[in-house]
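Remember, predicted model here, so these are calculated numbers, not experimental data. Naming convention: chains lettered A, B, ... in sequence-line order (proteins, then strands); numbering from 1 in each chain.
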Amino acid sequence: MQDAGFERLLMQWNKEQNDRPMPWKGEKNPYKVWLSEIILQQTRVEQGWAYYERFVKKYPDIRLLAKAKDEEVFKLWEGLGYYTRCKNLLHTARFINKNYKGKFPSTYEKIVALKGVGPYTAAAIASFCFDLPYAVVDGNVFRILSRVFGIATPIDTTEGKKQFKELADKMLDKKSPGLYNQAIMDFGATVCKPMLPLCAGCMLNKICKAYQAATVNKLPVKEKVLSKKQRWFSYFIFEAGEKTFVRKRTEKDIWQNLFEFYLIESASHREWDKKMIADFLKQQLGIDSHEVKLITTAASQQLTHQHIKGHFIVVKLNNIPPKLKTKDSLWLSAQEMAHLPFPAFINQHLETKNVQPALF
DNA sequence: AAGACGGGGAA
DNA sequence: TTCCCAGTCTT
């Protein structure tokens, strides 16, 4: 395939027009680059920015991160999503601290072997920190290459991934891989954007196949359509004295390692009134005496593959029922709870003051 | 090869 | 609402 000076034009754009400041830009410290790349996986720069700064401030080096308590790190990650990233972050920090004496590995093979580090992240670290010739292939690169070279191969297929990776490797500026990788991602984020790309003023529009064919908004091609699962969560917030019932989500599901209240899940909408609550508490938990303080209106949150809806029901108890004294249950004060990470779905309820009691 | 995994911003 | 984001891991 004719490259038509893609690399030269991209680097020219970078030199003349790229003005995109980011806290990790130009960073050579592999710990900080690694941290930023993990935070930025499937996450917008604007969303990850403040998280990166908080992490660097709290854990200036990998040793301090390795020695931190799990809950403390998860609390700092709270709200960022994809929480296995946080789990792997801690695992890898401790792994490097123990096995590499705190020194970040400097070869691609060793970097890509780290938990939570795939081909993209390894290429980013290797090129930014060690000037190794590995091309990053992220969402920006798929989009730019498919448009500039007019490639309609679906990017979410094995064949597509292979084709774009080969092209990306071919285009890479082997003399300055770090600069090139930074440039192509900045270009994708600021010019060759997913929606409303700035084609008119684009320095590459003369060589861009999609621009010439007016197919920019058709590329890149994705084959799969994602289906969404509907779930309904009824959260009972049990309060006994100053303590609230809380448990850790350990099952293989969303929000693993985060905390929550007592959960009843149903496949579809479930409405509660005082009588249903009384029956449920009596039959399932052996609770005789209680006071329903609040039944919220439906709360809702969109996730990528799921749509979560549900109620929060605040119930005041006179004492802690035996059935809620299991091994995985915690009864905590508000202050203790404040140190724990919760899903955004729950935090949005906790922070919302406009919860209005349902009529009952 | 397909599915799972969050949350938020923009259109 | 839908799409997509500096992807990776599991099944």
Q. Does NZ or CZ of A:Arg85 lie under 6.0 Å from the centre of the six-membered ring of A:Tyr82, at an angle within 45° of the ring axis?
A. no

Q) Considering only the P atoms, how many Å lie between C:dT11 and B:dG6, rounded to the nearest integer? A) 15 Å

Q. What integer distance in Å separates A:Asp138:CG from C:dG7:P?
A. 5 Å

Q. Between A:Gln41 and C:dG7, is there a side-chain N or O to OP1/OP2 distance below 4.0 Å?
A. no

Q. At under 4.0 Å, does any side-chain N or O of A:Trp24 touch on OP1 or OP2 of C:dA6?
A. no

Q.
With a 4.0 Å cutoff (strictly under), does any side-chain N or O of A:Gln306 reach OP1 or OP2 of B:dC5?
A. yes

**Q.** A:Thr304 (side chain) and B:dG6 (base): donor-acceptor pair under 3.5 Å
**A.** yes

Q.
Whether the side chain of A:Thr43 and the base of B:dG7 hold a donor-acceptor pair under 3.5 Å is what I'd like checked.
A. no

Q: Classify the nucleic acid contact of A:Asn181 as base, sugar-phosphate or nothing, counting any heavy atom under 4.0 Å across all strands shown.
A: nothing

**Q.** Of A:Met195 and A:Ile254, the one whose closest DNA chain B nucleotide lies more 5'
**A.** A:Ile254

**Q.** A:Arg20 (side chain) and C:dA6 (base): donor-acceptor pair under 3.5 Å
**A.** yes

Q) Base, sugar-phosphate alone, or nothing: which one does A:Val117 contact when heavy atoms must sit under 4.0 Å apart? A) sugar-phosphate

**Q.** A:Gln301 vs B:dG7: side-chain N/O to OP1/OP2 distance below 4.0 Å
**A.** yes

(Q) Quick check on B:dA2: is either OP1 or OP2 less than 4.0 Å from any side-chain nitrogen or oxygen of A:Lys224? (A) yes

Q. Considering only the P atoms, how many Å lie between B:dG8 and C:dC9, rounded to the nearest integer?
A. 24 Å

Q. Listed in order of residue number, which residues of residues 71-96 of chain A have a non-hydrogen atom at under 4.0 Å from DNA chain C?
A. none

Q. Between A:Trp232 and A:Phe345, is there a shared hydrophobic cluster once you connect ILVMFWY residues whose side-chain heavy atoms come closer than 4.5 Å?
A. no

Q: Check whether any side-chain heavy atom of A:Tyr180 sits under 4.5 Å from a side-chain heavy atom of A:Met11, and report yes or no.
A: yes

Q. For residues 197-229 of chain A, which residue pairs qualify under ring pair (Phe, Tyr, Trp, His ring centres under 6.0 Å), counting only residues two or more places apart or in two chains?
A. none

**Q.** Phosphate contact (C:dT8 OP1 or OP2) by A:Thr121 side-chain N/O below 4.0 Å
**A.** yes

Q. Within the structure shown, what part of the strands sits under 4.0 Å from A:Ala344 by heavy-atom distance: base, sugar-phosphate, or nothing?
A. sugar-phosphate

Q) Distance check: side-chain N/O of A:Lys229 vs OP1/OP2 of B:dA4, anything under 4.0 Å? A) no

Q.
Between B:dC5 and C:dA6, how many Å separate the two P atoms, rounded to a whole number?
A. 23 Å

**Q.** Sole candidate of A:Tyr31, A:Trp24, A:Trp34 that passes ring-ring contact (aromatic ring centres under 6.0 Å, His included) when paired with A:Tyr52
**A.** A:Trp24

(Q) Can you tell me if A:Arg143 touches the phosphate of C:dC5, counting only side-chain N or O atoms and a distance under 4.0 Å to OP1 or OP2? (A) yes

Q.
With a 4.0 Å cutoff (strictly under), does any side-chain N or O of A:Gln348 reach OP1 or OP2 of B:dG8?
A. yes

